[in-house]
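Following: one structure in C-alpha cells, then a few remarks.
Throughout, a chain's letter reflects where its sequence line sits, starting with A, and its residues are numbered from 1. The basis for the numbers below is simple: all heavy atoms, side chains too, and nothing from hydrogens, waters or symmetry mates.
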Protein chains: 2
Amino acid sequence: MDLAQQATGIELAGIDYAVVGVVMVIALAALAFGYVLIKEVLAAGQGTAKMQDIAKAVQEGASAYLNRQFRTLAIFAVVVFLVLFALPAETLGERIGRSVFFLFGAAFSAAIGYLGMWLSTRANVRVAAAAREPGEGREKAMRVAFRTGGVVGMMTVGLGLFGAALVVLVYAGGAPRVLEGFGFGAALLAMFMRVGGGIFTKAADVGADLVGKVENNIPEDDPRNAATIADNVGDNVGDCAGMAADLFESYAVTLVASLILGTAAFGGHGLLFPLIVPAIGVLTAVIGVYITKARTGESALTAINRSFYISAGISAVLCAIAAMLYLPSTFAELSGVSEEVRATPGSPALIALLAVIIGILLAVIILKLTGYFTATEHRPVQDVGKSSLTGAATVILTGLSVGFESAVYTGAVIAAAVFGAFLLSGSLPVALFAIALAGCGLLTTVGVIVAMDTFGPVSDNAQGIAEMSGDVEGEGAKILTELDAVGNTTKAITKGIAIATAVLAATALFGSYTDAIGLALADVAGALPPAEYFVYAPNVLVGVIIGAAVVFLFSGLAINAVSRAAGAVVYEVRRQFKDKPGIMDGSERPEYGRVVDICTRDSLRELATPGLLAVLAPIAVGFGLGVGPLAGYLAGAIATGTLMAIFLANSGGAWDNSKKLVEDGYHGGKGSEAHAATVIGDTVGDPFKDTAGPAINPLLKVMNLVSVLIAPAIVYFTVGESANPVVSVGIALVALAVIVVAVVISKRRSTAIADEPADDKTINGAPA
Amino acid sequence: MDLAQQATGIELAGIDYAVVGVVMVIALAALAFGYVLIKEVLAAGQGTAKMQDIAKAVQEGASAYLNRQFRTLAIFAVVVFLVLFALPAETLGERIGRSVFFLFGAAFSAAIGYLGMWLSTRANVRVAAAAREPGEGREKAMRVAFRTGGVVGMMTVGLGLFGAALVVLVYAGGAPRVLEGFGFGAALLAMFMRVGGGIFTKAADVGADLVGKVENNIPEDDPRNAATIADNVGDNVGDCAGMAADLFESYAVTLVASLILGTAAFGGHGLLFPLIVPAIGVLTAVIGVYITKARTGESALTAINRSFYISAGISAVLCAIAAMLYLPSTFAELSGVSEEVRATPGSPALIALLAVIIGILLAVIILKLTGYFTATEHRPVQDVGKSSLTGAATVILTGLSVGFESAVYTGAVIAAAVFGAFLLSGSLPVALFAIALAGCGLLTTVGVIVAMDTFGPVSDNAQGIAEMSGDVEGEGAKILTELDAVGNTTKAITKGIAIATAVLAATALFGSYTDAIGLALADVAGALPPAEYFVYAPNVLVGVIIGAAVVFLFSGLAINAVSRAAGAVVYEVRRQFKDKPGIMDGSERPEYGRVVDICTRDSLRELATPGLLAVLAPIAVGFGLGVGPLAGYLAGAIATGTLMAIFLANSGGAWDNSKKLVEDGYHGGKGSEAHAATVIGDTVGDPFKDTAGPAINPLLKVMNLVSVLIAPAIVYFTVGESANPVVSVGIALVALAVIVVAVVISKRRSTAIADEPADDKTINGAPA
C-alpha cells in the first residue's frame, strides 16, 4: 500500500524528495498554464477606440496606485524583515530563512496582486468587446472573464505550492519556523492590499454613487461623473489585486499550518501529504476552468457552480486515492514520530482521507449557504427587496438580519468542520493535523474559487466601460448586467471560503503557538501555571474580550476610512460640477485623474491605522498580559472575526443584489422610491462587503502569526530567571501607545476632510 | 480593627446575624422610602381631561400587555421550577431552596417591572402637567420624572438586597446553590421582559414612524396616527418595565456572584461584606435622588450627572470606612477559609476597598464615555448629524462607526477593570472575589442609575401626551423636548452599566461553574484532562465560536422580530387611513386599540425563539461537546455579547440624538433632506438600542446561570462510570432540535405577515 517506501528518490530526514520534485513540477506547470491562459485572454478583441481609451485610463490609474502602495510597503517590509531577524530562533539558518522567506511570501503576495490587477484591467475591455458580438456574445464574454480568473487562480496555487515546496526542500526538519516567516509575509502584504484596495474601491464607489445617483440623478458609470474612472480603478486594485493577494495568503498560510503540524503527527509523510493534496487541487482547477461554459438558457451562476462541483468531486476522489496509496494504514508504520503517536489507534490514511473530504464538503456547503443568502433567486434577498416598499430603514434592518443569521449558520458549519476533524483522532497532535488537512481539502477548491471571484470585478468593469463608452447596447448590455449580478454572489462565496481557511489555519496554528511556548519555557527553565491557559481564568477571559474588541475596532476603522475618503470624493466631484457647468451637458470633460489621485492618497494614508493595530495589538496583549491571555485574545478574535466577516460580506451582498432585483423591475423598478431605498442599502453595504469584511481574514492570520513569532520572546521576558517586567510591560506600553496615537491621528483627520468645503465650516450652515 | 469580633449578635457558621439584620432593615427602609416617593409622585397634578384620557388609554394598554405576558410566563416558570428541582443538588434543602428562590427571583423581577410600568404610566401625564406651570415648570417636571425613577431604583435595590439577605439568613453555608436559583429566576424573567417589551416598543415606534413621518408626513406623536398610543404603551412596557426588571436582575445576579465567591475567599466576612456594600449604595441612592435639581441655565443632564458623581463619591468613602472597620487587615485573621487563603499575602480590607473603588470608578468612566458618544454636545453625534448632508447612507455608516468604536473603548475599560481587580491578589479565589466585589461597587450606583434611566421613557411619554393632547405649548413643550433628549443619553448609560455587571458577574460565576464541576467530578470519581479547559484546544475554540454565534443569532432574531411586527403595524395603520379617510382631517378617530393588540400579540409570539435559544443553547453545547467547550462557549458569548451590546446601544443612541440635533435646526432643520436622512438612521437604531442591545445583558446572565446549574448533570452523563453518551448526546440533540424548529417557525411567520396585504402577494406588484 505504501508507495513511498518503494520510491527510488533520495530519502533524507524521513522526506521523500521525489515527491517534493513532482509537486514542484506541478506547481511550475500551473504557472505555465496560467501563462497560456494570459495569451488566450490577450488575444481577444478590444472593441472600439473609445472603449480602449477608457480602459487605458483605468490601467494607468490602477498601476499608479499599486506602484505607490508597493513603494510604501517596501519600507515596512524591510523593517519587519529586521525585526524578524532579531527575534529568538533555534539556529542561525532558521533565523535567516524566516526573514528571507518572509520577503518571499510578501513578494509572491504582491506579485499575484499586481498580476491580477494588470490582467483584469486588460480583460475588462475585452469582455465588453466580446459581449457585443452577435449570437455568441454571452459565451465569449463569459469565457474571457472566467479565463482571466483562471490565470489568477493558477498563479495563486502555483506560487503558493512552489514556495512551500521550496521551503520543505531547503529546510526539511527546520521548515516550520521558516514557513511561519513565509506565511507571515504573505498574510501581512495581503492585509495591506485588502485594506488599502478596499478603501480605494469603496471610497470611489460610494462617492460616485452619492454625488451621482443620489444628488444629481445620473446613472451609475455615467461619464459625466468625475468619479467613474476611479470607481473602475477601484474594482481592479481592491476586488482584483486585493482579493488575489488575500486568497494567495489563505492558500499559503493554510499550507504552512499543515506542514508545521504534519511532522509531529505523520513524520515525513506529514510533511509531504499536505503538498500532495493541493497539487491535486491544481489539476482539478485546470479542469474546472476549462469546463466552465453556460448552456443555452442557463444562468452563468449555474454553470460556474457546476464546474465547481465537478472539480470538487474529482478532487475528493483523487485525494482519497492519494491517501490510500501514499499513507500507511496504521500509525505504527509511521517513521519519525513520537511513541505516543505510534501508539495511536486508527489509520493515518483513513483519518487524512476523511479530513480532506471534510474540507471539500465545507467548501461546498459554504458555497450553497452563501448562494442562498446573497443570490437574487432566493428568499433572503427577495425579502430585503420587498422591505424596500417600507423605505430605506427597513431595507437596512432586513439586510442586517440576513447578515447576522447567515453568519451564524456559516459560523456553525465552520465550527462543525473543525469539531468533526478534531474527533477523527483521540491524539491531540493528530487531531490538530486533521484540522489542518481539512484546510488543505478546502485548498483544492481555491483555483476555481479565485477564478469565480475575479470574474466579478472583471464583469463589473466591463459593464462600466460599456456604459461609459456607450458602445455596447441591447443584448450586449444585458449580458454584462447578468454577469455583474453573478459576480456579486461569487464574491460573497469567496469571502466565506477565505474566512473558513482563517479558522482552520488559526486553530491549527494554535498548536504551533503552544509548541513555541513549550520550547521557550525549556530554554528559560521556567514553568507556567496550567491555569494560565484555562478559558475561565479571568486574565484569559480579559484576553478574549480584547480579541473581540480588536475585531470591532478594525471594522469600525475600515468603515470610517471609507466614509472619510468618500466624503473627499463627493466634495471633489461637486466642485467639478460647480466649476465646470459644461460637464452636465457633455461639453466639458470631468477631470477623472483628480479623483483617482484623491483615492490613492487617502487610501494609503488610511491604511496605516488598521495595519498597525493588527501587528501591534498582539504584541501589547502578549507582553502586557502574558501568553495565556494572548491565547485568549486569539480565540476571541477568531470567533468574533469569523462571524463579523461573514456578517459584513453577506449583508453587503444581499443589499447589492436586492438593488439589482429592484432594477430588474420589481417593486417599482429603477427610479422608484423602492429603488432609492435599495441604493441606500447598497451604499451602506459597500464598505461592509468590500473593505471591512474581507480584510478580517488576513487580519486574523497576521495576528496569529505575529503571536506565534513573538511567543518565545514573551516567554523570555515574562517567565523564569530572564523575566523582566520593566522590559515586557515597556514593550506592551510602547505598542499600545503607537496604536492609540495612530487612532487619534486618523480621528483628527476625520474633521479636516469633513470640514473641507467652506459652507460646512459651521455646524449651522445647511448647503443646498 | 475588626468590629465583627466585638459584635454581640448571634454568630453561627461564621456568620454575623446582626449584620444580616441591619442589612435587611436597610433593604426594608429602601422599600418604605420608595413608598413615600410614590405618594409624592401621585400627589402631583394631572393636567387637562384630554391629557388624562390619553394617559388612561396608555395605562390600560400597558396593563393588558403585562398581564398577558405574565400569564404566559407563569407556565414557563412552573416548568423551569420542576426542571430545577430535578437537577442534581447536594441536599434536599438546597434542592427545594433553589427551586423556591427561583420563583422568588422571578416574582421580584416581575413585580419591579410591573411597578415600574404602573407608576410611569401615571407619572407621564403628571410630568406633562407640571411642565405647563409657568416659571417653575422645568423644575417641577424634572422632579416628578426623576422621583418616579427614584421609586423604581429604591424597589430594585430594596428587593434585591432583601432577597439576597433572606437567602443568607436561611441557608448560611448552603446559600450559594440557592442563590443560583434566585439569580436565575431574576435573570430569566428579566430577559423575557426585555425581549418582549423591546419588541413591543420598537414595533410600535418604528411602525408609527414609517407610516407617519415617512409616508404621510405627519409629525411624531400626531393623534391621527393610529400607532401613537401603542408607541406610548411601548415606552412603558419596554423602557420602563423591561429596563426595571433588567436592572433588578443585574443587581441580583452580581450580588449572587459575590456571595457565592465570598465564602471561599473571606469566610463568613465574605458572605456579609457583599451585603454591606450595596446597603451603603441604598443610602447614597436616597441622597442622589433627593439632591437632583437643575440650577438655572444648566442642562438637566449636568444636574443628573452631578448627583451621580456626588453619590458615587459618598459611596466610595463609606465603603472604604466599612472595609476598614469590618474586614481584618491580614488573611491569617479570617476564619472559615482554606489554609491556602490564610497564607495569602496582603490585606483583605485593602483588597476589598480597592476592588469596590474599581467598580465605582468603572461606573463613572462608563457614564463619561457613553455621554461622550451619545450626547448631542460632543463630536460623535455631531459627526453623525453632519453626515446627514450626504444622505441616509452616510448617516448609517457614521453611526455604525461610532457604535463600533465606542464598544471598543467601553469594552476595554470593562476588561481593564476585570484585570485590575484580578491583579489585586495572587490567590485565584481571592482574585475572583475581588472581581465580584468590583461588581458590588458598581451596584452602589444602581439606585441612581435606575432613576436616571426611568427618567427617559417617562419624559418621552410626557412629550407624547403633550403632543397628542395639544394642551402643552410654548415653554412647556420645549422643556419636555429637552428632557426627552437627556433621556436618550441616560438610557444609553444604563445599558453600559448593565453590560458591565454582566461581564463582572459572569467572570465571577466562572468560579462557581468550575466549583460545581469539581464537586460533580468527585461524586462520579472521574477526572477531566486539563486540556479540556485550554483556550487553544480545538474543541474549546469551537465552543468560543458557537458562543459568539449565539450572540449574533440572538441579535438578528430580535431585530428581525421588530421588522416583522413593525410591518404589521404599518399595514394596519395604512388600512385605517384608507378605510377611514376622515382620520386625516380629524373628523374620524383612529382605532388605537387595534394597533396595541397587534403589538401585544406579535411581541409575545416573537419572544419565544430568542428565549428558547438562551436557555437551550448552553444545554446543547454542554451535553453535546462537554464542560470545557461550554466554558469556551460562555467566554465567547461574554466577549462578543459585551461588544455587541454596547455597539447596538451606542450607535442607536447616537442616531437618535443626531436626529434631535437636526430637529434643533442644524443642517437644515425639520423637514429638510438632512432630517429625512437622520429619521432613517433613528429608525434603524430603534431595535438596536431598545430591543437587541439591552436584551444581551440578561441573555449573558441566563446562559451563565443555566451553565452553572446544569454543570453537575453534564459531568454525571459525560465523565467516569456514569457516562452515557446516548443520554448526553440525546439531550443535546433535543435541545438543538427545539432551537432549530423555533427558528424555522419564526422564519415562516416572516412571510405570512409581510405578505398580508393583497397587493404585496406577488413580488411584481408595486403599491403606491
Side-chain angles (χ1 to χ4, degrees), chain A residues 210 214 382 386 390-394 396-398 400-401 404-405 407-408 411-412 415 418-419 422 435 507 510 514 530 533-536 538-542 544-546 548-549 552-553 555-556 559-560 563 570 631-632 635-636 639-640 642-643 666-668 680 683-684 754 763-764 766-767, chain B residues 210 214 382 386 389-394 396-398 400-401 404-405 407-408 411-412 415 418-419 422 435 507 510 514 530 533-536 538-542 544-546 548-549 552-553 555-556 559-560 563 570 631-632 635-636 639-640 642-643 666-668 680 683-684 754 763-764 766:
Chain A
L210 286 177
V214 181
Q382 293 181 353
K386 205 185 282 175
T390 41
T394 43
I396 302 286
L397 287 173
T398 321
L400 290 173
S401 292
F404 278 129
E405 286 201 45
V408 175
V418 173
F419 199 73
F422 173 73
I435 294 171
T507 316
F510 256 136
T514 47
Y533 287 126
F534 284 173
V535 64
Y536 57 77
N539 51 343
V540 177
L541 190 62
V542 165
V544 179
I545 295 176
I546 299 178
F552 272 70
L553 183 56
S555 308
I559 293 175
N560 218 314
S563 300
V570 168
T640 308
T642 305
L643 288 149
Y666 294 106
H667 311 305
I680 291 174
T683 309
V684 171
I763 198 167
N764 293 298
Chain B
L210 285 177
V214 180
Q382 293 181 353
K386 205 185 282 174
L389 292 171
T390 40
T394 42
I396 302 286
L397 287 173
T398 322
L400 290 172
S401 292
F404 278 130
E405 284 201 46
V408 175
V418 172
F419 198 72
F422 173 73
I435 294 170
T507 315
F510 256 136
T514 47
Y533 287 126
F534 284 173
V535 65
Y536 57 76
N539 50 343
V540 176
L541 189 62
V542 165
V544 178
I545 295 176
I546 299 177
F552 272 70
L553 184 56
S555 308
I559 292 175
N560 219 313
S563 300
V570 168
T640 308
T642 305
L643 288 149
Y666 294 105
H667 311 305
I680 291 174
T683 309
V684 171
I763 198 168
N764 292 298

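Using a 4.5 Å cut-off between heavy atoms, B:Phe419 touches chain A through backbone and side chain atoms alike. In this structure, the portions of A:Leu553 lying under 4.5 Å from any heavy atom of chain B include both its backbone and its side chain. Both the backbone and the side chain of A:Val684 come within less than 4.5 Å of a heavy atom of chain B. Using a 4.5 Å cut-off between heavy atoms, A:Ile435 contacts chain B through its side chain alone, with no backbone atom that close. No part of A:Ala412 comes within reach of chain B, as not one of its non-hydrogen atoms sits under 4.5 angstrom from that chain. Using a 4.5 Å cut-off between heavy atoms, B:Leu397 touches chain A through backbone and side chain atoms alike. Heavy atoms of A:Leu400 lying under 4.5 Å from chain B belong exclusively to its side chain. Both the backbone and the side chain of A:Thr507 come within less than 4.5 Å of a heavy atom in chain B.
Rounding to the nearest 0.5 angstrom, the gap separating the OG1 atom in A:Thr390 from the CG atom in B:Leu210 is 6.0 Å. The OG1 atom of B:Thr394 sits 8.5 Å away from the CG atom of B:Leu389 when rounded to the nearest 0.5 Å.
Counting all heavy atoms, side chain and backbone alike, B:Val408 lies closest to A:Ala549 at CG2-O, 3.4 Å. Annotation for B:Val544 and A:Ala639: closest pair CG1-CB, 3.5 Å, computed over non-hydrogen atoms.
When B:Ala631, B:Ser555, B:Ala393 are compared by the number of non-hydrogen pairs under 4.5 Å with chain A, B:Ala393 comes out ahead. Of all the listed residues (A:Gly636, A:Ala635, A:Ser563, A:Gly411), the one sharing the greatest number of non-hydrogen pairs under 4.5 Å with chain B is A:Ala635. Contact count versus chain A (heavy atoms, under 4.5 Å) is highest, among B:Ala407, B:Pro538, B:Ala415, for B:Pro538. Between chain B and the residues A:Leu541, A:Ile546, A:Thr642, A:Val570, the largest count of heavy-atom pairs under 4.5 Å involves A:Leu541.
By the side chain to side chain contact (heavy atoms under 4.5 Å, CB included) test, A:Thr640 pairs with A:Ala548, A:Val551, A:Phe552, B:Thr640, sequence neighbours left out. Take A:Ser401 and apply the side chain to side chain contact (heavy atoms under 4.5 Å, CB included) test, not counting sequence neighbours, and it matches B:Ile559, B:Asn560.
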